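Since the structure is predicted, the reported quantities are computational estimates derived from the model, not experimental observations.
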Amino acid sequence: MRLSVLMPVYNEARTIEEIVRRVRAVPLDIELVVVDDGSTDGTRELLPSMAGIDRLLVHERNRGKGAAIRTALAAATGDVVVIQDADLEYDPRDFIAMLERVEFGGAAVVYGSRILGKNPMSHLSFYLGGRLLSWLANRLYGLSITDEPTCYKMMRRDLLASLDLECEGVELCPEVTATVARRGHVIGEVPLRYTPRRLAEGKKIRARDGWIAIRTLW
């Protein structure tokens with residue numbers, strides 16, 4: 001079963017080479033689809049010469065994470081897709097357990113949970129915001145998940161392509177959750193490893209993104 005890794009990239013010159021290396025080191029049949037979303041810090045200049053990228057696409061201006069994921073999805077050819085940020089917070093080795101749940105566990109949708117993984121807590125506001133989003137998703141859609149805003153959302157490519165996603169920014173993640181839940185799919189979870197980074201290290205999520213995510217779920 002081939003896994004397409006969808007990697008939206010915006011101003012990640014410090015980490016892009018290492019995260020590509022880590023993705024390629026995972027012993028799976030992987031197709032890496034990278035979309036540079038209007039980077040201005042030198043990331044765009046690095047990408048064409050990097051080994052390990054199967055498909056490289058470029059947005060001439062910054063359009064948002066959701067737009068980049070949708071561009072990557074349109075170019076992907078794998079049986080299953082997963083979203084991978086271009087920083088080093090998540091460990092691509094966790095793809096193995098997630099894909100096993102899809103391939104052998106009968107799950108159409110699997111999320112990697114930072115909560116189940118008992119990882120170091122990010123900034124308290126991020127942690128509490130994530131717990132609130134998970135609670136809200138569970139109450140609104142009858143789910144039982146612990147980490148709705150996780151980056152690692154894996155599902156069969158044909159399912160994700162059929163969702164007709166519209167969001168341009170980070171709110172695409174709750175849009176995915178709400179849409180698959182309304183389709184009646186159960187979302188499985190797998191514990192994952194997580195190393196939170198600070199705002200000073202380039203973390204891009206802000207408080208306003210949390211409010212947008214709440215509105216999107218609602």
Side-chain angles (χ1 to χ4, degrees), residues 3-78 81-95 112 114 119-120 122-123 125-126 129-130 149-154 160 165-173 175-176 192-210 212-213:
L3 176 64
S4 289
V5 178
L6 313 181
M7 185 183 292
V9 182
Y10 178 61
N11 288 351
E12 297 288 4
R14 292 186 298 177
T15 59
I16 184 62
E17 291 180 291
E18 176 61 16
I19 191 59
V20 168
R21 186 195 68 78
R22 293 184 187 185
V23 168
R24 297 313 323 192
V26 178
L28 294 172
D29 181 9
I30 285 178
E31 172 189 54
L32 178 56
V33 184
V34 174
V35 177
D36 180 81
D37 190 34
S39 293
T40 58
D41 70 336
T43 301
R44 179 176 298 193
E45 290 71 27
L46 285 172
L47 288 168
S49 61
M50 288 177 54
I53 298 175
D54 297 298
R55 295 173 184 268
L56 175 61
L57 303 104
V58 173
H59 288 173
E60 291 304 319
R61 60 178 178 83
N62 181 240
R63 293 170 50 193
K65 181 177 179 178
I69 289 170
R70 292 187 356 245
T71 295
L73 176 62
T77 63
V81 296
V82 67
I83 300 168
Q84 167 70 63
D85 285 345
D87 55 47
L88 305 177
E89 289 193 316
Y90 292 79
D91 191 331
R93 290 177 295 177
D94 290 320
F95 293 161
R114 295 165 291 182
N119 293 287
S122 184
H123 190 280
S125 62
F126 293 134
T150 179
C151 168
Y152 274 8
K153 291 174 165 63
M154 180 182 289
L160 186 58
L165 300 172
E166 299 178 355
C167 291
E168 294 278 298
V170 295
E171 71 274 16
L172 179 127
C173 286
E175 182 186 22
V176 168
L192 56 74
R193 287 157 281 201
Y194 179 65
T195 306
R197 67 173 174 172
R198 302 185 301 272
L199 294 175
E201 296 173 309
K203 192 173 185 67
K204 298 180 175 65
I205 296 293
R206 298 294 186 270
R208 65 179 180 273
D209 296 313
I212 293 171

Nearest heavy-atom neighbours spanning [X] and [Y]:
X    : Y    : answer
C167 : E175 : N-OE1, 3.0 Å
I19  : P92  : CD1-CG, 4.0 Å
L32  : G52  : CD2-O, 3.6 Å
L57  : A75  : CD1-CB, 4.0 Å
K65  : C173 : NZ-SG, 4.5 Å
G130 : P149 : CA-CG, 3.7 Å

With heavy-atom distances below 4.5 Å as the criterion, would you say the side chains of [X] and [Y] are in contact?
X    : Y    : value
D87  : E12  : yes
M154 : L3   : yes
M7   : V35  : no
V23  : I30  : yes
I83  : Y152 : no
L88  : E18  : yes
V58  : L47  : no

Report yes or no: does [X] contribute a side-chain atom to a donor-acceptor pair with the main-chain N or O of [Y] at less than 3.5 Å?
X    : Y    : result
Q84  : L6   : no
T150 : G112 : yes
N119 : R114 : yes
D94  : L192 : no
D91  : R193 : no
S49  : L46  : yes
D37  : G64  : yes
R55  : V34  : no
T43  : V9   : no
R61  : G38  : no

>> Strictly below 4.0 Å, N to O, side chains only: are R70 and E168 in salt-bridge contact?
In response: yes
>> Do the side chains of R21 and E17 get close enough for a salt bridge, i.e. N-O under 4.0 angstrom?
In response: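 So R21 does not pair with E17 through a salt bridge.
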>> The criterion is salt bridge (charged side-chain N to carboxylate O under 4.0 Å, His left out); which residues satisfy it with D41, sequence neighbours excluded?
In response: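 Not a single residue meets the salt bridge (charged side-chain N to carboxylate O under 4.0 Å, His left out) criterion with D41.
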> What residues form a side-chain hydrogen bond (donor to acceptor under 3.5 Å, both in side chains) with S4, not counting sequence neighbours?
Replying inline: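 In terms of side-chain hydrogen bond (donor to acceptor under 3.5 Å, both in side chains), with neighbours along the sequence ignored, S4 is linked to E31.
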>> What's the separation between atom CZ in R22 and atom OG1 in T15, rounded to the nearest 0.5 Å?
In response: 9.5 Å
> To the nearest 0.5 Å, how far apart are OG1 in T40 and OH in Y10?
Replying inline: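 That separation rounds to 5.0 Å.
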>> Before you tell me yes or no, could you show the steps for Y90 and T195 under side-chain contact (heavy atoms from CB on, under 4.5 Å), namely the whole-Å CA-CA distance, both residues' side-chain angles and the distance that decides it to 0.1 Å?
In response: CA-CA 7 Å; Y90 292 79; T195 306; over 6 Å; no
> Can you tell me if Y194 and E89 form a side-chain donor-acceptor pair at under 3.5 Å?
Replying inline: yes
>> Is it true that, when you exclude E166 itself, more than 12 heavy atoms of the residues, nucleotides or ligands shown sit nearer than 6.0 Å to its CD?
In response: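 For E166, atom CD is not crowded (no more than 12 foreign heavy atoms under 6.0 Å).
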>> If you apply the rule side-chain contact (heavy atoms from CB on, under 4.5 Å), what do you find for V5 with V33, and how did you get there?
In response: CA-CA 6 Å; V5 178; V33 184; over 6 Å; no
